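Side-chain atoms are counted along with the backbone in the values below, which use heavy atoms only and exclude waters and symmetry mates. Numbering starts at 1 and runs along the sequence shown. No experiment lies behind these values; they were computed from the predicted model shown. Order of appearance sets the numbers: ligands from 1, and atoms from 1 within every ligand.
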Amino acid sequence: MPDRPIGVFDSGIGGMTVVKELFTTVPNESIVYFGDTARLPYGTKSVETVRRYAREDAELLMSYDVKMIIVACNTVSATALDEVERIAKGVPVIGMIGPCAKEAVQVTKNGRIGIIGTEATIASGAYDAAIAEEARRQSKPCETFSKACPLFVPLAEEGWTSHVATEVIAEEYLRDLNVKEIDTLILGCTHYPVLADVIQRTMGARVTLINSGAMAAMLVAEMLRLEYIAGDDIQHTAPHHTLLVSDIPRKFQAIGERFLGHPLPEARQVVWEESWTAAR
Ligand code: DGL
């Protein structure tokens, strides 16, 4: 069991921000990563469609005999975590929202927490609910203010991390949250850490950004230990990573490597035809 890989999926490059954290917190683990680049973005789709994609993505990872699934997509975590758990049949599933809400409530000083995410994540109210629950648990009154920022996803996919267009769009999206005097901002989409510098500059240094992947990676390390399935429990050869995408890998690898600061295995394309097959 410990030598089985961890499965990670997202609609595209966003989940790489979670992989980056996993490389630090659980460096001995092999990872199978799937970016559903053919069907991206998820965040503007209906809940029914996202739930279907989530099922199919989880099936793909299960076919790699993974020991854990990390839903490195806030949209799926907010709307379809139960579908992934159903397909996973007892294999532990970790989503983005719980760990991130906990950290935000711990970190905030004035109890004013901003959330940015895709349209689907924001509409689901999943973060507001998780923060309300956590605020009760920590006896710390908190108020949430949310904003959907759909254009951040294509900007991150394009690798426009410091482009002037990104600055202008960030200014426009984040103006309302700045007025609300939040002191903590949840990057509630795994694509957004790619644009963290621009977002931080726009919000100002007094606002703490919370990266959902970093919080989830800590939970992954804890779960692997608790379940006795950590990769460092075995005599280890170097971990072996697999990178899968559903459209031609074009820019994926280059942007992924630039962001990770780490070479990636060559991305392979898989195609959904009632089940997943390798592209011909
Ligand atoms: N990275 C994803 C998220 O965390 C989805 C982005 C998208 O496909 O819209 O929500």
Applying side chain to side chain donor-acceptor pair (under 3.5 Å) to Thr17 and not counting sequence neighbours gives none
Lining ligand 1 at under 4.0 Å, by non-hydrogen atom distance, are residues Asp10, Ser11, Pro41, Tyr42, Gly43, Cys73, Asn74, Thr75, Thr118, Val153, Cys189, Thr190, His191
Check: Can you say whether the rings of Phe152 and Tyr173 are parallel (under 30°), tilted (30 to 60°) or perpendicular (over 60°)?
Finding: perpendicular
Over 12 foreign heavy atoms within 6.0 Å of NZ, Lys140
yes
Lys147 bridged to Glu119 by N-O distance under 4.0 Å: no
If we ignore angles and hydrogens, is there a donor and acceptor under 3.5 Å between the side chains of Thr161 and Asp197?
no
OG (Ser77) and OH (Tyr127) are apart, to the nearest 0.5 Å, by 7.0 Å
